[in-house]
Each structure stands twice: as C-alpha cells, then as structure tokens.
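Just below is one structure, and these are the notes that go with it.
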There are 2 protein chains.
Amino acid sequence: MTTDASTRSSRDLPHPRHAEIRLEAVLHALSDPIRLQIVRELAVGGAELSCSHFDLPVTKSTTTYHFRVLREAGVIRQIYRGTAKMNGLRRDDLDDLFPGFLDSVLAAAARQAVRLGE
Amino acid sequence: MTTDASTRSSRDLPHPRHAEIRLEAVLHALSDPIRLQIVRELAVGGAELSCSHFDLPVTKSTTTYHFRVLREAGVIRQIYRGTAKMNGLRRDDLDDLFPGFLDSVLAAAARQAVRLGE
DNA sequence: ACCGTATTACGATGCCTATCGTACGAGTTG
DNA sequence: CAACTCGTACGATAGGCATCGTAATACGGT
C-alpha cells in the first residue's frame, strides 16, 4: 500500500518529550558556538523568533541543521506559524529537569562574551 | 628516591590557563557520557584520583584520551605523583569563570541518573 | 640493574558532524 | 495560476572524534 501521507504532514516537527531529554545531548547541542549564540538570542526576552531573524555566518541549509540539532536535543521548540517557523526555548522543561542549569550557562556565556571583548 | 618537585621533565602536562578556558570547550568536554561520569566521580569529596581508579567501559588508551580532553578543556588538573597520575577538578577556576555552572551540571547529572534508574 | 606497574604516543579506522549546493514543498500575494 | 518567500530534504564532502592495539616511557621496588 502507499504510505499514508495524511497522518504525518511534512510540517509537523518531532520533539523529544520531557522525559526523553538527555543532559549529554543538551550539553552537546550547546557546545557549538553558533548554536550557543542562537540559544542566547532566544533567551533574551523569552520571545519566539523566526529562523530568518538570525544573522548567522553560515548558509540557510546549515542554519536549518543547527536548529534541528537544538530541537532534537530538547533545547528549543519549533512550530510553524504561517509561512514562518517560530523558535522558542523550552525553558519550562529544561528548568524542571535541570534546575539552574540553563541560567548558569547563559550567565557563563554572557560573562565570557564580556571577558573576550563582546 | 628522586622526588624532586622542581624537575621539569618531559612529563609536564600542558594545562590551559585560567583566562584561556572557553565555555564551548567545557560544554563539549562534558557532553561525552564517559567524561561526564569521570567528572562526577571527581566531584565526590573533591579528591584527587588516579586514572586507574576508574572502571570505565573502554581501554586504557581511550581512557587516557578522555582525560586529556578534560584537561585541555580546563575541566581537570593532572599532575604526576610518582608512578601514578592524579586527577582533580579545577573547581576553583571553573567556579570563578562560570559561577554555579559546574554545580548545576553535577546536580543535573545526579538527577538524571536517578530518573533513569541509576 | 632489572622488573613490574602505570600511563603515554603513535598509527589506523570507522563513525559523527558541520558545511555546502541544489532541488523541492508549503504559504502568501500579485 | 504564477511568482515569491521561507524553510526542508537530500547528497556530497572534509575534518573531527572515539576507539583500539601495540610499542615506548617513566618511576618505584627488588
């Protein structure tokens, strides 16, 4: 039989559930400079931002890849809203699983940015 | 009976200086399950432990490799003491550079270990 | 001086990752 | 519908990483 295309639209994105988020995967996701920068920007104001809002030194393909790594690690949540795809931090899940972790990473990144000359 | 501490032999191990420690490198170092476990054991009691004290599911060669990654990221300090090489967390440096970060990682790892059934 | 223990260094290997280009799909707007 | 925008999927690739085995090094005790 043909595959049922109606059950799984190409537009819904698989996220790990709360209990499936692994610390090692989160650490790995944050260890890339570009991804860390994305997370830092998402943390400002806690707003949801579209992918195109970010000005990253890589192509669109690579940007998509980095957002996917963050999503599959459980760091961000991605949903389609019309033509744009909005990205938001999964702060609630992360704070529940790893209390204080995200804030300390963000603080450490901010500190280091200052230390290394913005 | 040559326990001369001032001898600068080929056994000197290069450590990054305080100001050279980078958050991304620390995150990457901690993102490997084996290395995270090493750090967790080192954190217990803050003791210095020899490499051979650890019972890891890899060979000696690979163990050496992981310890080197941790040292070069600035997470641990390694010094020779006779025939053994002792390993200790660089807690002072890490706490100064990234306040609260190490503790939150350790707490998150402990929490996850419990959550996943030790 | 030799032997045993602890650890490293080197070379090889296969997997993982970050990167790109191009072609395509889903919406919005003319 | 057609064009345009935003983002995805797929394939390719170069470099990095975790892993191993073996040979070598350093130290302490016999």
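Chain identifiers are assigned alphabetically (A, B, ...) following the order of the sequence lines, protein sequences preceding nucleic acid strands; residue numbering begins at 1 within each chain.
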>> From NZ of B/K60 over to C1' of C/dA6, roughly how many Å is that when rounded to an integer?
In response: 7 Å
> Applying ring pair (Phe, Tyr, Trp, His ring centres under 6.0 Å), which residue pairs with at least one partner in residues 89-118 of chain B are found, sequence neighbours left out?
Replying inline: none
> Atom CD of A/E72 and atom P of D/dA9: how far apart are they, to the nearest Å?
Replying inline: 10 Å
> Of the candidate nucleotides D/dT19, D/dC6, C/dA6, which contains the atom at the shortest distance from the side chain of B/H66?
Replying inline: D/dT19
> A/Y65 side chain: which of C/dT17, C/dG21, C/dT7 is closest?
Replying inline: C/dT17
> Can you pull the ring pair (Phe, Tyr, Trp, His ring centres under 6.0 Å) pairs that have at least one residue in residues 32-58 of chain B, sequence neighbours excluded?
Replying inline: B/F54-B/F67
>> So, OP1 or OP2 of C/dC20: does either fall under 4.0 Å of a side-chain N or O from A/T62?
In response: yes
>> Can you identify which nucleotide, out of D/dG7, D/dC17, C/dA6, has its nearest atom closest to the B/S52 side chain?
In response: C/dA6
> Measuring from B/M86:CE to B/I79:CD1, what's the distance to the nearest 0.5 Å?
Replying inline: 7.5 Å
>> Heavy-atom nearest nucleotide on DNA chain C for B/T64 versus A/R35: which residue maps closer to 5'?
In response: B/T64
>> With a cut-off of less than 4.0 Å, is there a side-chain N or O of B/T59 near OP1 or OP2 of D/dC20?
In response: yes
> Should the pair B/E24-B/R22 be classified as a salt bridge under the 4.0 Å nitrogen-to-oxygen rule?
Replying inline: yes
